[in-house]
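Each remark here refers to the structure printed beneath this line.
In what follows, residues are counted from 1 in the order of the sequence shown. When reading the values below, keep in mind they use all heavy atoms of this one structure, side chains included, and skip hydrogens, waters and symmetry mates. Fair warning: this is a prediction, and the values are worked out from it, not measured in the lab.
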Amino acid sequence: MNEQAGGMDRRDFCRMVAALVAVELTPVGGLARATAEETQAAIETAMNSLKVDYAAYCATPAAEREFFALVKDELVREKLDESDWKPTGWGDPPKLPVEGGSWDGVPMVAPVSGLNGEGPFQPTWESMMEYEAPEWYRDAKFGMWAHWSPQCVPEDGDWYARNMYVEGTPQYKFHLEHYGHPSKFGYKDLCAQWTLRNWEPEELMERYKRAGAKFFLCVANHHDGFDCWDSKHQPWNSMKYGPRRDVVGTWAATARERGMKFGVTVHQARNWWWFQPSHGADKTGPYAGVPYDGRMTAADGKGQWWEGLDPQRLYGVKHPENALPAASFAKNFYDRTRDLIDQHNPDLLYFDNALFPLGWAGINVSAYYYNQSVKRNGSVQGVLTIKNVPEEHAKAVVVDIERGLTDGIRPFAWQSETCIGEWHYQRRLYDRAGEYGGYLPPDAVIHWMIDTVSKNGTFVLNVPGKPDGTIDRKEKAVIDGITAWMEANGEAIYATRPWKVFGEGPNMIKSGSFQGDSIRKLNAQDIRFTRSKDGKTIYAMPLGWPRGEFVIASLGSAATTAAGRILAVELIGTGQAVQWMQQADGLHVTLPKEYRPVVNYAAALRVRLA
């Protein structure tokens with residue numbers, strides 16, 4: 001036998017075969033019954049083996065498909081029981097009693113070796129801790145994001161693909177009214193209507209660049225399972241259906257032609273749990289008991305527009321509520337993400353997950369990403385972001401905080417990301433009255449960015465697109481406001497580093513994910529600091545436009561920050577004289593009385609030190 005068996009080393013292969021044979025040859029209840037430990041070892045091996053690929057797993061008849069679960073601290077095999085089935089939510093799988101631990105219900109030890117590729121990074125936290133965030137990312141400070149997928153087709157907000165199958169929800173009702181019952185017109189049918197027929201990526205990218213974005217992100221796939229590139233491992237993709245274009249590839253080329261870095265966001269790992277409602281049925285009404293289209297298989301596609309496709313590969317297979325992700329599902333996640341890396345070489349790879357998704361699959365493809373960056377650049381120039389990372393591992397990645405901020409300076413580069421509305425396009429926000437409708441106004445965006453940068457972070461803003469590939473007038477107005485401020489004051493943001501303190505003032509933001517709205521209470525009394533890399537210049541930014549004299553206590557000659565002697569204070573980008581005096585209690589400043597900025601979201605002072 002060769003040293004490798006299907007990519008698995010000989011020792012692991014022999015152990016797997018022995019364990020499987022032990023289970024198959026042991027009669028239930030017989031005198032030669034295996035010990036509990038041997039049975040658990042056999043189940044653990046079977047659970048984490050790659051006997052079939054994901055396509056074959058999806059094609060397996062539901063009654064024959066095997067699942068694994070943790071019941072009373074023991075791994076067990078199980079089959080789908082239709083009479084007892086209910087859909088899962090976001091997914092909260094247990095920790096497994098397996099060697100090496102687990103995450104997302106998947107062992108951390110891979111069933112095959114070599115998935116991390118060639119290079120210095122191994123699929124362990126210890127190895128990943130050798131990572132250093134690249135200088136380009138630490139200098140960039142601001143990126144923009146297009147959170148596009150077929151879910152934007154109804155223009156009815158985020159999580160549409162799931163909620164259209166949840167009876168009684170607003171999106172379920174919207175779907176009934178506009179498309180019909182999801183047993184007849186399901187999410188797969190929406191995918192074909194994502195046309196992008198008016199998409200002008202060059203015009204959009206020029207707008208984002210003018211707004212000051214140094215990098216651009218796009219969704220590669222969402223929880224819905226649809227890949228937005230010419231995917232080798234998911235036939236439900238944008239080259240074959242919907243736009244019939246490589247959306248990721250087009251965005252990548254458009255950004256890089258303009259000197260911007262490019263990144264992708266990957267959300268597919270949650271598909272195992274998130275899309276289970278597609279397998280349900282109404283409990284009441286005229287369609288009570290009629291299964292939604294998640295029930296469909298490849299055989300149902302004969303004569304349909306989607307003939308030759310298996311809907312199970314989009315929706316995921318129907319499984320017991322406690323079923324752990326199948327090994328073939330984890331491998332499919334790995335294969336698709338690796339294909340994305342190989343085809344498009346993203347400068348940033350974002351996982352919408354706490355820690356590395358799906359155990360061995362996520363940590364291996366992450367190590368592969370780092371190793372490929374070393375291979376291409378001589379050092380790691382890629383950025384990988386995940387969420388909810390313990391402080392002891394924060395150096396291994398760039399920690400991402402969704403719709404949130406921190407209450408202090410973090411020791412390593414991190415990322416705050418938010419959206420001007422909902423993650424997917426929501427027309428009702430545009431329909432609201434006012435210049436910006438229901439969108440996050442540009443002053444709040446600028447305050448969010450400044451607060452993030454003052455604490456050693458990078459800020460990412462999503463502007464959701466419409467299904468035809470455009471953005472609306474009020475979204476453009478938000479971007480125009482950002483552009484006006486950044487054109488005048490970008491010096492205080494780009495290529496800066498945090499100062500000794502992030503700021504001062506009476507108001508504090510709430511720390512953590514989904515706490516970002518607390519930014520709205522900040523005002524001109526709240527000041528944030530950044531500094532030049534050489535430490536000779538401090539940038540002080542009141543989050544508003546102060547009228548009359550104001551005092552920056554942290555820059556006083558007797559301040560505990562020991563700021564040092566100030567040589568000059570200038571209002572960035574104006575050429576206007578600033579009245580100032582450094583005293584013991586602070587730096588006293590009065591902005592030019594006759595000067596009116598184009599936008600007054602925040603003043604930016606250049607403070608030169610002796």
Given side-chain contact (heavy atoms from CB on, under 4.5 Å), test V247 with T250 step by step and report yes or no. CA-CA 5 Å; V247 175; T250 302; 5.9 Å; no

Determine, stepwise, if the pair I509 / D451 fulfils side-chain contact (heavy atoms from CB on, under 4.5 Å). CA-CA 9 Å; I509 59 96; D451 189 80; 4.1 Å; yes

Can you list the steps and then say if W148 with W423 is a ring pair (Phe, Tyr, Trp, His ring centres under 6.0 Å)? CA-CA 8 Å; W148 271 353; W423 289 118; over 10 Å; no

How far apart are the C-alpha atoms of L340 and V266, what are their side-chain angles, what is the distance that settles it, and do they pass the side-chain contact (heavy atoms from CB on, under 4.5 Å) test? CA-CA 10 Å; L340 179 66; V266 174; 3.7 Å; yes

Determine whether D227 and R336 satisfy the following criterion, side-chain contact (heavy atoms from CB on, under 4.5 Å), listing intermediate values before the conclusion. CA-CA 9 Å; D227 284 354; R336 286 159 69 177; 2.8 Å; yes

In sequence, state the C-alpha distance, the side-chain angles, and the governing distance for H319 and W85, and then conclude on ring pair (Phe, Tyr, Trp, His ring centres under 6.0 Å). CA-CA 8 Å; H319 60 69; W85 177 85; 8.5 Å; no

Decide yes or no on ring pair (Phe, Tyr, Trp, His ring centres under 6.0 Å) for W251 and W229, but give the supporting numbers first. CA-CA 10 Å; W251 277 131; W229 76 97; over 10 Å; no

Quick one, H181 with Y292, criterion ring pair (Phe, Tyr, Trp, His ring centres under 6.0 Å). Give me CA distance, side-chain angles, the key distance, then yes/no. CA-CA 8 Å; H181 194 263; Y292 303 141; 5.7 Å; yes

Could you go through the salt bridge (Lys or Arg N to Asp or Glu O under 4.0 Å) check for K318 and E82 one step at a time? CA-CA 9 Å; K318 189 175 186 178; E82 292 281 4; 2.6 Å; yes

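Not a single donor-acceptor pair under 3.5 Å links the side chain of N163 to the backbone N or O of V166. A side-chain donor-acceptor contact under 3.5 Å links W236 to the backbone of D310. A donor-acceptor pair under 3.5 Å links the side-chain atoms of Q312 to the main chain of G294, judged by distance alone. Under the 3.5 Å distance criterion, the side-chain polar atoms of D339 are matched with a main-chain donor or acceptor of K232. Panel note: side chain R162, backbone W274; a donor-acceptor pair is recorded below 3.5 Å. Looking at T337, its side chain never comes within 3.5 Å of a backbone N or O of Y334 through a donor-acceptor pair. The backbone N or O of A161 sits nowhere less than 3.5 Å from a side-chain atom of D224 that would complete a donor-acceptor pair. Looking at N237, its side chain never comes within 3.5 Å of a backbone N or O of D230 through a donor-acceptor pair. With N332 contributing its side chain and H233 its backbone, the two residues share a donor-acceptor pair below 3.5 Å. At distances below 3.5 Å, not a single donor-acceptor pair connects side-chain atoms of S373 with backbone N or O atoms of V380.
In this structure, the ring of W125 has its center less than 6.0 angstrom from the ring center of F356. The aromatic ring centroids of Y57 and F329 lie 6.0 Å or more from each other.
One finds no salt bridge joining E417 and R403 here, because no Lys/Arg side-chain nitrogen approaches an Asp/Glu carboxylate oxygen to under 4.0 Å. The residues R410 and E391 are annotated as salt-bridged, a charged nitrogen and a carboxylate oxygen being separated by less than 4.0 angstrom. Under the 4.0 Å criterion applied to side-chain N and carboxylate O atoms, D352 and K387 are assigned as salt-bridge partners. The existence of a salt bridge linking D407 and K510 is excluded, since no basic side-chain nitrogen approaches an acidic carboxylate oxygen closer than 4.0 Å. For the pair K79 and E64, the salt-bridge criterion is not met [side-chain N within less than 4.0 Å of a carboxylate O]. Using a cut-off of 4.0 Å between Lys/Arg side-chain N and Asp/Glu carboxylate O, D335 and R338 are scored as not salt-bridged.
Taking each heavy atom of L80 and P320 in turn, the nearest pair found is CD1-N, 3.9 Å. When all heavy atoms of A367 and M128 are compared, the pair lying nearest together is N-CE, 3.7 Å. Residues N462 and C419 share a closest heavy-atom pair of ND2-SG, 3.1 Å. Here the closest heavy-atom approach between residue S511 and residue T406 is recorded as OG-CA, 3.6 Å.
Between the side chains of E167 and T284, a donor-acceptor pair is found at a separation under 3.5 Å. With 3.5 Å as the limit, one finds no donor-acceptor pair spanning the side chains of N345 and Y369. Judged by distance alone, the side chains of D293 and Y315 do bring a donor and an acceptor atom under 3.5 Å apart. With no hydrogens or angles considered, no side-chain donor-acceptor pair links H178 and D156 at under 3.5 Å. Side-chain contact check for Y350 and H267: no donor-acceptor pair (N or O, by modelled atom type) lies under 3.5 Å. Side-chain atoms of W273 and E321 include no donor-acceptor pair closer than 3.5 Å. Of the N and O atoms on the side chains of H424 and D158, at least one donor lies less than 3.5 Å from an acceptor on the other residue.
Between V463 and W145 there is no side-chain heavy-atom pair separated by less than 4.5 Å. Within the 4.5 Å cutoff, the side chain of N48 has heavy atoms near those of the W360 side chain. Counting heavy atoms from C-beta on, the side chains of L75 and L324 come closer than 4.5 Å. P467 has its side chain within reach of E155: a pair of non-hydrogen atoms, C-beta onward, lies under 4.5 Å apart. Side-chain contact check for V397 versus F351: every heavy-atom pair is 4.5 Å or farther apart. The closest side-chain heavy-atom distance from N322 to V71 is below 4.5 Å. Under the 4.5 Å side-chain criterion, counting only non-hydrogen atoms from C-beta, E475 is in contact with I420. Residues S149 and F226 form no side-chain contact, since every pair of their non-hydrogen atoms from C-beta on lies 4.5 Å or further apart.
To the nearest 0.5 Å, atoms CE (M108) and CG (L355) are separated by 8.5 Å. Interatomic distance, CH2 of W448 versus CZ of R520, reported as 8.5 Å (0.5 Å rounding). Remark: Q276 CD to T88 OG1 distance equals 4.5 Å, nearest 0.5 Å.
For the ring pair (Phe, Tyr, Trp, His ring centres under 6.0 Å) test with Y187, the passing option among F275, W306, Y165 is F275; the others fail.
Between H147 and H222, the two ring planes are perpendicular [angle over 60°; tilted spans 30° to 60°]. Ring planes of Y131 and Y370: parallel class, angle under 30° (limits at 30 and 60°). Ring geometry, H223 versus W159: the interplanar angle exceeds 60°, so the pair is classed perpendicular (tilted spans 30 to 60°).
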Residues 89-104, side-chain donor-acceptor partners within the protein, below 3.5 Å, at least two apart:
unit_1 : atom_1 : unit_2 : atom_2 : d
S102   : OG     : L96    : N      : 2.9
W103   : NE1    : A354   : O      : 2.8
D104   : OD2    : L358   : N      : 2.9

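Environment of NZ in K240: crowded, with over 12 heavy atoms of neighbouring residues, nucleotides or ligands closer than 6.0 Å. Counting non-hydrogen atoms of other residues, nucleotides and ligands closer than 6.0 Å to CG of D81 gives a total above 12.
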